[in-house]
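Report on the structure given below.
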Amino acid sequence: MELQDYLTILRKRWVSIVILAALAVAGAVAASLLATPMYRATTQVFVSVQGGGSSTSELLQGSSFTRQQVTSYTLLATSPLVLGPVIDDMGIDARAEELAKRVTADSPLNTSLINISATDENPAIAAALADAIADEFTDVISDIETPAAGGPSAVKISVVRDASAPTAPASPNTKLNLALGLLVGLALGVGIAILREVLDTRVRGEADVAKVTSTSVIGTIGYDEDAPQHPLIVQSSPHSHRAEAFRRLRTNLQFLDIADRPQSIVVTSSLPGEGKSTTTINTAISLADAGSRVALIDADLRRPSVARYMGLEGGVGLTTVLIGKAAVEDVIQPWGNGYLHVLPSGQIPPNPSELLGSQAMANLLDNLTKTYDIVLVDTAPLLPVTDAAILSKLTGGAVLVVGANKLNRNQLAESIGALETVGARILGVVVNQQVRKQGDAYTYYDYASHTSTGEPVTAPAGRRGSRALRRTAKEPLPTRPAASRQPISQSQQRGEGIAGLWPGEPLSQSQPQGEQRTPR
């Protein structure tokens, strides 16, 4: 991970970091309030050498001797040899080892001074205890340093500062506890945030897709909480952000591998609920609006939804054609401006995989690719069933829809592997339902059409919105005989469609004067 990655984590998870830091500070405050106040009193003694020497060398030797001995004397101050008599004299109900935990002795650097400190809940007892330890310490050192031959001790311990009862407790140190709590909380919050980021393998955007596969992301559809209520966003709200995203996806599909452009594309996903069906439908509508002849097939023979979304009759369709009960011309249905034809799934069969992998399906796809500019096939998810892998082998390639926050990187890798195992051509990945935030590097911009009165232009209600717009503009419309459902013949429109229109070019401007497209 680079520095930018850490900064991104902090920006994304700052709320949890702040919460943990606040909890740690609150814990430090609670610990400080619940702790029993302890008072510390200190007595200071001076260590010197007694002797009659008055020369400079003798004084230096004595000073050096005392500084060397001070280190050992500080250890004796907390020994049972000193604390035992103090316990007896003061009547303390504790053992020497327990009392030693409340007593400290230290010496300032390069001095002959020793500070003896005692801690107690009562400040007066703390001061008396420090003085008693200092007195007993003086006697012990004097006894230890007394020569064996008799005579006075060469070391003299003098009390230079008596202990006084402290007015403020030495612990708890509330300010120090708060600072430590804040530091610990921040460290804990940052550590957990980084750990969560490392362990979190959910796919949220293009960066996560790039960690799994080198396949290009050909489209990114933003999240919209109203998407379930408006699945056909290109038709119901053509100037919305999501509609523009589908037009960008259409453009990328049109310029995919121009030398070997696929005429039939399977659109699938890894898991249910990633938005593959609505992505397929809106892409088909966008292609049809650009003048391409599009055939949309609902090949999800387990949970079909295209007919329901588009308001079509789905009782007969693909399965009816595959079992030979009807011709495709009899069951395919026009939609919108006449350039989009939809083949619903029909009745749900007991053997979907066998039907989709049959020769009849291969012949159907071959016939449709000869008649239409592009054939889009909506099929079942990859991980639960094998339908998509089977169809992707029969078509020109597969587009994988990835729902943001819907699956993890392992599942995406498994889906990519399933397509690669059968030798399918993966055309690209579409990231769907990606949440965009104001602080992201990429943001949306509004640039919608308005009328002369300043009101935004909206599509008329109804499933045939594109045709209604054309009627509003008073453009001539092609008529279609009621007895025929056969789509446009490819020979009638040779050279047009994907290659004849720029993405989004109005149909009325792209057609030669005097010509009209007339579906049969």
Side-chain angles (χ1 to χ4, degrees), residues 203-224 227 233-234 240-271 274-290 292 294-297 369 373-379 381-382 388-389 391-392 395-407 409 411-413 415-420 424-436 440-442 444 497-499 501-504:
V203 178
R204 293 187 175 87
E206 297 182 23
D208 296 320
V209 173
K211 296 176 182 178
V212 178
T213 177
S214 58
T215 305
S216 301
V217 176
I218 60 175
T220 301
I221 314 300
Y223 173 77
D224 185 1
I233 193 68
V234 174
S240 64
H241 297 312
R242 292 182 65 240
E244 291 298 331
F246 282 112
R247 293 189 185 97
R248 284 192 292 271
L249 172 59
R250 173 194 67 190
T251 302
N252 292 335
L253 282 176
Q254 288 175 328
F255 291 98
L256 263 178
D257 197 359
I258 296 179
D260 187 19
R261 177 180 293 121
Q263 288 186 286
S264 57
I265 299 175
V266 168
V267 182
T268 184
S269 62
S270 301
L271 299 171
E274 296 187 67
K276 63 172 182 59
S277 297
T278 55
T279 300
T280 309
I281 296 171
N282 283 285
T283 303
I285 297 174
S286 300
L287 288 166
D289 286 343
S292 300
V294 184
L296 172 59
I297 303 176
T369 53
D373 294 316
I374 188 167
V375 178
L376 294 181
V377 183
D378 176 39
T379 185
L382 280 163
L391 278 175
S392 60
T395 59
V399 170
L400 185 59
V401 177
V402 176
N405 294 310
K406 297 291 185 180
L407 76 164
R409 292 196 290 268
Q411 292 170 326
L412 177 58
S415 300
I416 297 290
L419 293 174
E420 292 176 346
R425 179 183 175 193
I426 305 176
L427 301 175
V429 175
V430 178
V431 180
N432 191 30
Q433 303 174 8
Q434 181 169 356
V435 178
R436 298 290 192 184
D440 287 348
Y442 176 90
Y444 288 123
I498 291 181
L501 287 174
W502 287 101

[atom2] on [Y] to [atom1] on [X], rounded to 0.5 Å:
X    : Y    : atom1 : atom2 : answer
F246 : I281 : CZ    : CD1   : 9.5 Å
L419 : L400 : CG    : CG    : 6.5 Å
L296 : I374 : CG    : CD1   : 11.0 Å
T283 : L249 : OG1   : CG    : 4.0 Å
S269 : Q411 : OG    : CD    : 11.0 Å
I426 : I416 : CD1   : CD1   : 4.0 Å

By side chain to side chain contact (heavy atoms under 4.5 Å, CB included), which residues pair with [X], not counting sequence neighbours?
X    : result
A243 : V234, S240, R247
A388 : T268, T379, L382
T395 : S264, V266, L365
Q433 : Y223, K406

Smallest separation among heavy atoms of [X] and [Y], with atom names:
X    : Y    : answer
G396 : R425 : O-CD, 3.2 Å
Q434 : A404 : CA-CB, 3.8 Å
S392 : A389 : OG-O, 2.8 Å
V209 : V429 : CG1-CG1, 4.2 Å

Under the side chain to side chain donor-acceptor pair (under 3.5 Å) rule, collect the residues that match up with [X], sequence neighbours excluded.
X    : value
E206 : T220
S216 : none
D378 : K276, S277
R204 : D200, N405

Discussion item. Once salt bridge (Lys or Arg N to Asp or Glu O under 4.0 Å) is applied, what residue pairs with a partner in residues 211-224 remain, sequence neighbours excluded?
Written reply: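 Output for this query lists D208-K211.
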Fill in: Intermediate values then yes/no, side-chain contact (heavy atoms from CB on, under 4.5 Å), L253 and V399
CA-CA 10 Å; L253 282 176; V399 170; 4.1 Å; yes
Worksheet entry | Name of the residue among I221, I285, N282 meeting side chain to side chain contact (heavy atoms under 4.5 Å, CB included) with I233 |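 Answer after filtering I221, I285, N282: N282.
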Item to complete: For N432 and E274, indicate whether the former's side chain and the latter's backbone hold a donor-acceptor pair under 3.5 Å.
Response: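 Flag set: sc N432 to bb E274 pair under 3.5 Å.
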